[in-house]
Amino acid sequence: MGNCKSSSRALLGKAHVVPDAEWRMQDFGKTHVPDLEWRIHDFSSLLETGAKSATSATFHCSGYNWHLQVIPMHKETGSETPYVALHLMTSQERMVPGHTVHVVFELSIYNHSKGMYCGCKAGCNFDFKNAHSKENCLIPLQELLNSSAFLVDDNCVFAVEILKIDASSPKKKAVVLQKKATTVQNLFVQRKGFVKGTYTWTMNNFLELDLKYFVRSPTFEAGGQKWYIGMYPRGDLYSTDCLSLYLYLDAWDELRLESKKVVVMTLSILDQKNGKHLTVTSGLWVFTGGHGLGWADFLRLSQLKDPSGGYVVGSSCIVKLDVYLMA
């Protein structure tokens, strides 16, 4: 599509190959005490939304902000079997060039029959450009749907425990793993409960805005909340020669904890000449504000400014947002 999707402010990101006949989960027993327990209610409704992924709200561990992401229909190259896969994500606010965080963690799903978590152990080096671990396939989707151990009343529980954090940075500060009580989050998915909002941001002075580091759209309303689109015309700190584009919640500090927004969004830059619009869609996110949701590497600057394309015509550039919010 001409875009270069890698990381984001609230990150949206090759995968861990698991042969069809070799998927395995180990029983973690009572030693597995999750940092996050994420209960997804109405799992079948999540599948019906068509969302490629679902991402938890932020949870905190040892000075870093984390997310757990579930990919309900993950397929490896050469495999026709969809798996339920998980990966761990970090927010990039604390990441600077030269800062690497090596994390060892356990990803799991709760087995109600055994009364314990089952899953796999993994590790990842998070840094300035990499905010995602590899996808770790836990269980074939059909196995999950047919199971009375992992899926009870159409609900399932995913979890992550962070076992070790080693940080390497110019300041070389040691990270002490601080174990706290498990953070419990709930995601209620209602297929018919989504409200659609649409907003078009027309910039007739883009060549002037292109000289700025950050520009924002006018505030608009969708789903009973005020939002704006933020653009870094020459890319933000996390991009690689790309335009960066995000959706922000306005006045997020006023958003009550119980009012988290569940969001699926599509951002587009319109091709005004050829009609070949560049469109990128997120998975389902539990959005609490405080950061943008989008892509640091949305579109290469060379493609954005290519005169044969229609992304910038004269000084005109048009960005369109389609957002679905759970009511």
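Taking NZ of K121 as the start and CG of L107 as the end, the distance is 12.0 Å to the nearest 0.5 Å. Distance OG/S108 to CD/Q26: 10.0 Å, rounded to 0.5 Å. Separation of atoms OG1 (T55) and CG (L284) is listed at 8.0 Å; rounding is to 0.5 Å. Note that OG of S62 and NZ of K164 are 13.0 Å apart. Values are rounded to the nearest 0.5 Å. Distance CG/D27 to NE2/H32: 11.5 Å, rounded to 0.5 Å. Between the CD atom of E106 and the CG atom of L86 there is a distance of 12.5 Å, given to the nearest 0.5 Å.
Exactly one of R234, M231, Q303 qualifies for a side-chain contact (heavy atoms from CB on, under 4.5 Å) with L243. That residue is M231. Of the candidates V319, L304, L245, L245 is the only one forming a side-chain contact (heavy atoms from CB on, under 4.5 Å) with F298.
When every heavy atom of G119 is checked against every heavy atom of L138, the shortest pair comes out as CA-CD2, 4.1 Å. In this structure, V215 and P233 approach most closely via the heavy-atom pair CG2-CG, 4.2 Å. C61 and D35 make their closest contact through SG-OD1, 4.0 Å (heavy atoms, listed as atom of the first residue, atom of the second, distance). Of all heavy-atom pairs spanning L187 and V286, the tightest one is CD1-CG2, 4.0 Å. Taking each heavy atom of N274 and G309 in turn, the nearest pair found is ND2-CA, 4.1 Å. Scanning all heavy atoms of the two residues, the minimum distance from L207 to G314 falls at CD1-O, 3.6 Å.
N136 places a side-chain N or O within 3.5 Å of a backbone atom of K134 that can act as its donor or acceptor partner. The closest donor-acceptor contact from the side chain of H74 to the backbone of Y83 lies at 3.5 Å or more, if one exists at all. Under the 3.5 Å distance criterion, the side-chain polar atoms of W227 are left unmatched by any main-chain donor or acceptor of L247. T58 places no side-chain N or O within 3.5 Å of a backbone atom of N65 that could act as its donor or acceptor partner. A donor-acceptor contact shorter than 3.5 Å is absent between the side chain of E37 and the backbone of V184. Between the side chain of T219 and the backbone N or O of K226 there is no donor-acceptor pair closer than 3.5 Å. Of the possible donor and acceptor atoms, one in the side chain of T182 sits under 3.5 Å from a partner among the backbone N and O of P34.
The hydrophobic cluster around Y110 extends to F28, Y117, V157, counting ILVMFWY residues whose side-chain heavy atoms fall within less than 4.5 Å of a member.
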message = Between C124 and V103, does the side chain to side chain contact (heavy atoms under 4.5 Å, CB included) criterion hold? Intermediate values first, please.
response = CA-CA 5 Å; C124 180; V103 184; 5.6 Å; no

Passes side chain to side chain contact (heavy atoms under 4.5 Å, CB included), L144 versus I109? Steps please. CA-CA 10 Å; L144 174 63; I109 182 173; 3.8 Å; yes

- [ ] Give the intermediate values and the outcome of side chain to side chain contact (heavy atoms under 4.5 Å, CB included) for residues W295 and L267.
- [x] CA-CA 10 Å; W295 294 267; L267 277 170; 4.0 Å; yes

Would T49 and V189 satisfy side chain to side chain contact (heavy atoms under 4.5 Å, CB included), going step by step from the backbone distance to the final call?
CA-CA 9 Å; T49 65; V189 183; 4.0 Å; yes

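Clustering ILVMFWY residues whenever any of their side-chain heavy atoms sit less than 4.5 angstrom apart, transitively, puts M25 in the very cluster that holds I40. Under the 4.5 Å side-chain contact rule for hydrophobic residues, L47 and W38 share a cluster. If you chain together hydrophobic residues whose side chains sit under 4.5 Å apart, W201 and L321 fall into the same group. If you chain together hydrophobic residues whose side chains sit under 4.5 Å apart, I318 and V312 never meet in one group.
Contacts of T183 classified as side chain to side chain contact (heavy atoms under 4.5 Å, CB included), with partners at least two apart in sequence or in another chain: L36, F59, Q185. Annotation: ring pair (Phe, Tyr, Trp, His ring centres under 6.0 Å) contacts of Y199 (sequence neighbours excluded): F220. Residues satisfying the side chain to side chain contact (heavy atoms under 4.5 Å, CB included) test with N204, not counting sequence neighbours, are T202, S316. With sequence neighbours left out, S315 forms a side chain to side chain donor-acceptor pair (under 3.5 Å) with no residue at all. Taking the side chain to side chain donor-acceptor pair (under 3.5 Å) definition, one finds that K305 meets it with D210, sequence neighbours left out. Partners of T198 according to the side chain to side chain donor-acceptor pair (under 3.5 Å) rule, which considers only residues two or more places apart in sequence or in another chain, are D322. Residues that satisfy the side chain to side chain donor-acceptor pair (under 3.5 Å) test with E208, not counting sequence neighbours, are absent from this structure. Residues forming a ring pair (Phe, Tyr, Trp, His ring centres under 6.0 Å) with H41 (at least two apart in sequence, or on another chain): F188. Taking the side chain to side chain contact (heavy atoms under 4.5 Å, CB included) definition, one finds that K52 meets it with nothing, sequence neighbours left out. The salt bridge (Lys or Arg N to Asp or Glu O under 4.0 Å) test applied to K212 returns no partner, not counting sequence neighbours.
Counted within 6.0 Å of CG on N146, heavy atoms from surrounding residues, nucleotides or ligands total more than 12; the atom is thus considered enclosed. Residue Y324 places its OH atom among 12 or fewer non-hydrogen atoms of other residues, nucleotides or ligands, all under 6.0 Å distant. For K75, the NZ atom counts as densely surrounded, since its 6.0 Å shell holds more than 12 non-hydrogen atoms of other residues, nucleotides or ligands.
Counting heavy atoms from C-beta outward, S133 and F105 have side chains that approach closer than 4.5 Å.
No hydrogens or angles considered: nothing links the side chains of T100 and N125 as a donor-acceptor pair under 3.5 Å. A donor-acceptor contact under 3.5 angstrom links the side chains of S244 and D236, judged on distance only.
Screening residues 264-282 for salt bridge (charged side-chain N to carboxylate O under 4.0 Å, His left out) gives no qualifying pairs among residues at least two apart or on separate chains.
Ring geometry for Y248 against F214 counts as perpendicular: the plane angle is over 60°, on a 0 to 90° scale with 30° as the lower cut.
F126 and W66 have their aromatic ring centers within a separation under 6.0 angstrom.
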